[in-house]
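Reminder, nothing fancy here: chain letters follow the sequence lines and each chain counts from 1.
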Amino acid sequence: MLDQRLVRDNPETIAQQLGRRGKAVDLTKLQLIAQQQRDLEQQRSNLQAEGNRIGKEVGQRIKSGADPNGDEVAELRQQGNAIKQKVAVLEEDEKKLSSELKQQLLGFPNLPSEACPDGRSEDDNIEVRRWGTPRVDDNLDEHWQIAERLQLFDTERSVRIAQSRFVTLMGQGARLERGLINFMLDLHTSKGYREVLPPVLVNSASLTGSGQLPKFAEESFRCAEDDLWLTPTAEVPVTSLHRDEIIPADQLPLRYAAYSPCFRREAGSYGRDTRGLIRLHQFNKVELYWFVHPDHSEEAHQQITADAEAVLQALELPYRVLDLCTADLGFSARRTYDLEVWLPGAGAYREISSCSICGDFQARRSSIRTKAGKATKLVHTLNGSGLAVGRTMAALLENGQQPDGSVLLPKSLVPYVGRERLQPE
RNA sequence: GGAGAGGUGGCUGAGUGGUUGAAAGCGGCUCCCUGCUAAGGAGUUACAGGAGGCAACUUCUGUCGAGGGUUCGAAUCCCUCCCUCUCCGCCA
């Protein structure tokens, strides 16, 4: 959420920065609401001060012997009542404006950071670096073809169980997925991340806190009978892990590695990535998440990205790093590095991790602060996939495929999968 | 699902109508004393918003789960809702 004081006092600057995302934004109406709200607050608060003064005086006079039912006190009572009525009217207007203001503010995305490259579409994302040597060969299979051969998962029967865009991993496929989750968690916890296994049903407040609500309700699955949703990413529950808390400064940074299944409705993606593991309603992900002191979030962003890259490197998967331009930036992010893994079968780089710095955007929505000495400040939050497990499997299949139809696994994974290669059983 | 208890400051925990924004303890911060990884003393310390000031800070309002109500005045009385805990039932 944007700082409402900034919107009130500096709307042109804010509008200009939001405009970098590609859509012109007009904040004049919002600014007006903010100003009216403040004016009402002033009037109301002055009246209340007067009312408090009268209340105290009544108490004092009665204490010092005045007749509680005498004219003197009755007069004061009447004054008190008159003020109360005026306050009630002002309060009602003020409340309307405040909630209008809040609702609108919740609908605006984060301000891109200064360093975030300007752009009009994903074509303007900037490639920062590459790692590894992409395997190029037109005769390579796509991951779903390999998986079919090795019977790693069953999509047709999954339609029977749920619907399309669900997958049932089986045999070596299930084992690989499980091994990958453990592998990633072990790697991260060995570097000091605290492991988290959060609830996958989350309430509206949690989704609002991390930025999915109110704007992206149609992207998540909702439980109709309860105020609960299937989490689209562990970022949501982990953000709310510290919602409404003041974290002592000496405890920062807090670094979490959370595994969770993730659920997304993928509205509007009909026909895209319909085969295989790339785009599913349910997928597994290990998410890295930092709560940091606002002075240290920039370094943290480099580090969390490096920690996500470490997984790809350990799995010997070639990838590139993109610095997302303003047009491609997510709602809550100030700046984002996407990691794209090389899929030789598809002959393309595909997103496998997204590492974002959110500044105080989520912290303000979730009221997560830190205190050092006297000052209370909003913390900064960062998140990065480390990694999306299904897409990792796809990358392993395509990169490890052998002429004999088997798939050679990276050495680091062997202890986790219990075999060096996947082959027909 | 049934019965009961409870939601107070960073934490623990007092407080049943009028300087209670809130005792006490813990924790934090500042200073003093002392000094081998510690102890003692004094002071200070809620959050949010508004106004004034370059600032230190001053001042006003609101906040004791949320929302209503009674009252000149509510943490305290009344109503509704939410949440947590305990016991029973059910259950992996």
Side-chain angles (χ1 to χ4, degrees), chain A residues 1-10 30-106 197 199-209 223 225-229 237 240-252 254 291 293 360 363-379:
Chain A
M1 189 163 65
L2 302 177
D3 184 349
Q4 103 180 35
R5 256 175 300 194
L6 276 181
V7 171
R8 192 180 60 212
D9 301 335
N10 235 333
L30 194 58
Q31 187 204 12
L32 193 68
I33 293 173
Q35 279 172 350
Q36 286 174 339
Q37 185 269 336
R38 180 183 54 183
D39 292 345
L40 281 179
E41 179 176 347
Q42 255 173 67
Q43 290 177 43
R44 191 214 68 216
S45 132
N46 287 339
L47 271 175
Q48 279 173 327
E50 177 64 8
N52 288 342
R53 195 190 60 73
I54 290 172
K56 267 183 196 155
E57 200 174 326
V58 171
Q60 237 141 44
R61 291 210 189 174
I62 291 174
K63 222 183 218 171
S64 55
D67 177 4
N69 298 314
D71 291 347
E72 186 187 1
V73 171
E75 166 70 21
L76 284 172
R77 282 197 177 134
Q78 210 165 35
Q79 286 179 26
N81 264 324
I83 286 172
K84 194 161 62 169
Q85 271 162 27
K86 282 189 204 162
V87 168
V89 174
L90 290 176
E91 241 174 4
E92 198 176 328
D93 293 346
E94 190 187 340
K95 216 182 254 179
K96 263 186 221 153
L97 287 177
S98 293
S99 81
E100 166 82 11
L101 184 62
K102 178 92 191 279
Q103 275 317 110
Q104 295 233 16
L105 282 173
L106 285 173
L197 190 63
V200 295
L201 290 182
V202 298
N203 57 35
S204 298
S206 297
L207 280 163
T208 306
C223 303
E225 299 299 319
D226 307 278
D227 177 34
L228 290 169
W229 308 64
S240 277
L241 205 53
H242 292 289
R243 180 150 47 87
D244 296 322
E245 280 186 29
I246 296 176
I247 304 168
D250 59 8
Q251 286 181 22
L252 297 176
L254 289 169
F291 298 86
H293 189 280
D360 61 15
R364 182 173 294 109
R365 290 170 160 251
S366 300
S367 184
I368 305 169
R369 293 160 295 173
T370 186
K371 191 166 196 175
K374 265 192 148 182
T376 311
K377 288 181 173 177
L378 294 168
V379 301

Going by the side chain to side chain donor-acceptor pair (under 3.5 Å) test, name the single residue among Gln104(A), Gln103(A), Lys96(A) that passes it with Glu100(A). Gln104(A)
I'd like the P distance from rC29(B) over to rU34(B), given in whole Å. 22 Å
Span that lies between the C1' atom of rA5(B) and that of rU61(B), in whole angstrom: 35 Å
When the distance from [atom1] of [X] to [atom2] of [N] is rounded to whole Å, what number comes out?
X	N	atom1	atom2	value
Gln48(A)	rU61(B)	CD	C1'	6 Å
Arg44(A)	rU61(B)	CZ	P	10 Å
Glu94(A)	rU63(B)	CD	P	12 Å
Glu92(A)	rG67(B)	CD	C1'	14 Å
Ile62(A)	rG17(B)	CD1	P	15 Å
Ile368(A)	rG10(B)	CD1	P	15 Å
Asn81(A)	rC72(B)	CG	C1'	7 Å

State which residues pass side-chain hydrogen bond (donor to acceptor under 3.5 Å, both in side chains) with Arg61(A); sequence neighbours excluded, sorted by chain then number. Glu57(A), Glu72(A)
Sequence-aligned protein contact record of nucleotides 43-51 of chain B, with B where the base is within under 4.0 Å of a protein heavy atom and S where only the sugar-phosphate is: ---SSSBSS
For Gln48(A) and Arg44(A), which I'm curious about, is there any donor-acceptor pair between the side chains at under 3.5 Å? yes
Enter the distance from Leu47(A):CG to Lys86(A):NZ here, rounded to the nearest 0.5 Å. 6.0 Å
What's the closest nucleotide to the Lys84(A) side chain, out of rG73(B), rG68(B), rG18(B)? rG73(B)
